[in-house]
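See structure below.
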Amino acid sequence: MTDNASLTHAFFALHHGLPRQGPGSDATTRRLLSLAGALPERPRVLDLGCGPGRAALLLAAEAHAEVTAVDLHEPFLDELRAAAEARGLTGSITTVNADMGELPYPDGSFDVVWAESSAYGIGFDTALRAWRRLLAPGGVLVLTECEWTAAEPSAAARAFWEQHYALRTGEANVRAATGAGYAVLGVHPQPESDWAEYYGPLAARADAADPDAPGMAEALAATREELAMRRAHGTDYGYTGYVLRPVDSWPTRPETAADIAAVHALNTAAFESGAEADLVDALRTDDEAWLPGLSYVAEAPDGSVAAHALITRCRVDGAPALALAPVATLPEFQRTGAGSAVVRAVLDAARARGERIVLVLGHPSYYPRFGFKPASGYGIRPGFEVPDDAMMALVLNGSDDSAQLPRGTITYPAAFGV
């Protein structure tokens, strides 16, 4: 039986000098950086679990960031310091040996918190909670997470990951992010080439390693099992990058069966009639319109339902699209941010599903804050007369180029009566 010290030493011997300590690429780092939007001229970036610092070096060089790079393994920090000096970036990168779960920094210290292939060290949900306080107003959290990419992962993949880390689906991770009070600015499924950038050098190192070195036989066995799992079942799981910004303090989540009566009462109270409440109930019975997981609620401090937003399936000239309606907030919680929180959450959930476009008929001074634009600009119109600026569209995934979107007349579910 190998002692823990020997096994740890052997593990790091396999990993020292590798360009990466997890799946990734400069292209992915640049893509995540682009999804973060406009940053200060010299953004303060906290790179957690930085390893040898591939992301830290790129952020310092290309985003002109002042990077604080944190890792618990001093030899990785040594590698980063040497690379920073070689590239003339010593003044832009500060290395810190610290635990990402026990960080010494005051609230609001950073414009960006960055964690590629490292949040698993404390868990996705813990990272969302613990790192939020570190962000300055308008700050961004960027992290990557391994998750299920197959609807029905193989038994072998499930058994492997049950030993190492509890994977969830992308939709579940988006729900966790929005429930923790973040808006999802972007989602980037990492390509297979990101795994090759990590596993290619690691496999070569394993082939060259001395199996008789203390702890090495066991370290090699674990490494080769991991590599073999990826080769055999790589379509079952993958890494995804999330770019998140803290928003409202209202907790949000998908509705449950226990919420149905409260959602009905809320819509009745918000609209002072039963029409919208009846619409929601009718849409629930329409299998073609209802999309499980896209009826969202915001919770009041006592756990009751304060706001509700619903997205259902509609069509544009026969092509699938989404309709956001209704959106409702209890009168006592209006103008508190509850409505905005639940709208952002349900839009993020639709984005995570890979949906292309969502339409809303609403107030033109309210919905543009979520990114909605006049639908007519995309060649999309309702089958009835409304003011042009009241019929709006939001592209959830892909290019905003109207040539890539459906064009024509909107067909709503029958329950809308239009």
Side-chain angles (χ1 to χ4, degrees), residues 15 18-36 47-51 54-55 58 114-128 141-178 182 184-204 206 222-244 293 348-356 396-398:
H15 285 258
L18 298 182
R20 295 187 177 276
Q21 297 303 318
S25 63
D26 289 349
T28 283
T29 299
R30 291 188 180 103
R31 176 57 179 159
L32 295 173
L33 182 61
S34 73
L35 291 172
D47 185 4
L48 296 172
C50 64
R54 190 68 174 262
L58 187 149
W114 197 280
E116 286 192 50
S117 304
S118 60
Y120 73 89
I122 61 173
F124 191 74
D125 293 346
T126 300
L128 295 176
L141 172 59
V142 179
L143 70 172
T144 65
E145 177 74 346
C146 195
E147 58 191 31
W148 294 122
T149 54
E152 295 293 337
S154 64
R158 286 190 179 278
F160 175 82
W161 282 104
E162 282 172 3
Q163 301 175 55
H164 299 285
Y165 187 70
L167 300 192
R168 299 189 297 205
T169 63
E171 288 186 39
N173 285 328
V174 167
R175 286 197 298 271
T178 56
Y182 292 88
V184 180
L185 303 184
V187 177
H188 175 63
Q190 294 179 230
E192 186 62 28
S193 56
D194 280 12
W195 290 82
E197 284 212 24
Y198 171 45
Y199 278 159
L202 179 59
T223 298
R224 286 171 175 151
E225 180 189 18
E226 182 179 344
L227 295 171
M229 179 57 57
R230 185 67 193 173
R231 285 193 298 270
H233 301 284
T235 57
D236 286 347
Y237 58 93
Y239 259 91
T240 296
Y242 292 94
V243 181
L244 312 172
D348 287 343
R351 185 177 289 111
R353 287 169 55 101
E355 296 286 350
R356 191 75 174 88
L396 295 170
N397 286 291

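The figures that follow rest on heavy atoms only: side chains count, while hydrogens, waters and symmetry mates do not.
Note: R224 CZ to L202 CG = 10.0 Å, rounded to the nearest 0.5 Å. The structure places CE of M229 at 9.0 Å from CG of D236, a figure rounded to the nearest 0.5 Å. Taken to the nearest 0.5 Å, the NE2 atom of H188 stands 6.0 Å off from the CG atom of D194. Atom-to-atom distance recorded for T144:OG1 and E116:CD is 5.5 Å, nearest 0.5 angstrom. Distance OG/S117 to CD/E145: 10.0 Å, rounded to 0.5 Å. Atoms CG and CZ, from D26 and R20 in turn, are 5.5 Å apart once rounded to the nearest 0.5 Å.
Residues V174 and D348 share a closest heavy-atom pair of CG1-O, 3.6 Å. In plain terms, the two heavy atoms of L185 and A36 that are nearest each other are CD1-O, 4.3 Å. When all heavy atoms are compared, the tightest approach of T149 to G238 is CG2-N, 3.7 Å. The shortest heavy-atom contact between A349 and G293 is CB-O, 4.2 Å. In terms of heavy atoms, G123 sits closest to Y165 at CA-OH, 3.7 Å. Scanning all heavy atoms of the two residues, the minimum distance from H233 to Y237 falls at O-CE2, 3.4 Å.
Heavy atoms from other residues, nucleotides or ligands lying under 6.0 Å from CD of Q163 number more than 12. The number of heavy-atom neighbours closer than 6.0 Å to OH of Y199, taken from other residues, nucleotides and ligands shown, is above 12.
With respect to the salt-bridge test (charged N to carboxylate O, under 4.0 angstrom), the residues D47 and R54 do not qualify.
A donor-acceptor pair under 3.5 Å links the side-chain atoms of S118 to the main chain of L48, judged by distance alone. Judged purely by atom type and a 3.5 angstrom limit, R356 uses its side chain to pair as donor or acceptor with the backbone of N397. A side-chain donor-acceptor contact under 3.5 Å links R351 to the backbone of L396.
Inter-residue side-chain proximity for W195 and Q190 is flagged as unmet; no heavy-atom pair is nearer than 4.5 Å. In this structure, the side chains of S193 and S25 stay at 4.5 Å or more apart for every pair of heavy atoms. Side-chain contact check for E197 versus T28: every heavy-atom pair is 4.5 Å or farther apart. Side-chain contact check for E171 versus E147: every heavy-atom pair is 4.5 Å or farther apart. Residues L244 and V184 are in side-chain contact: their nearest non-hydrogen atoms beyond the backbone lie under 4.5 Å apart.
Taking the six-membered ring where the residue is Trp, the centroids of Y242 and Y182 are separated by 6.0 Å or more.
Between V142 and the options T29, L32, L35, a side chain to side chain contact (heavy atoms under 4.5 Å, CB included) holds for only L32.
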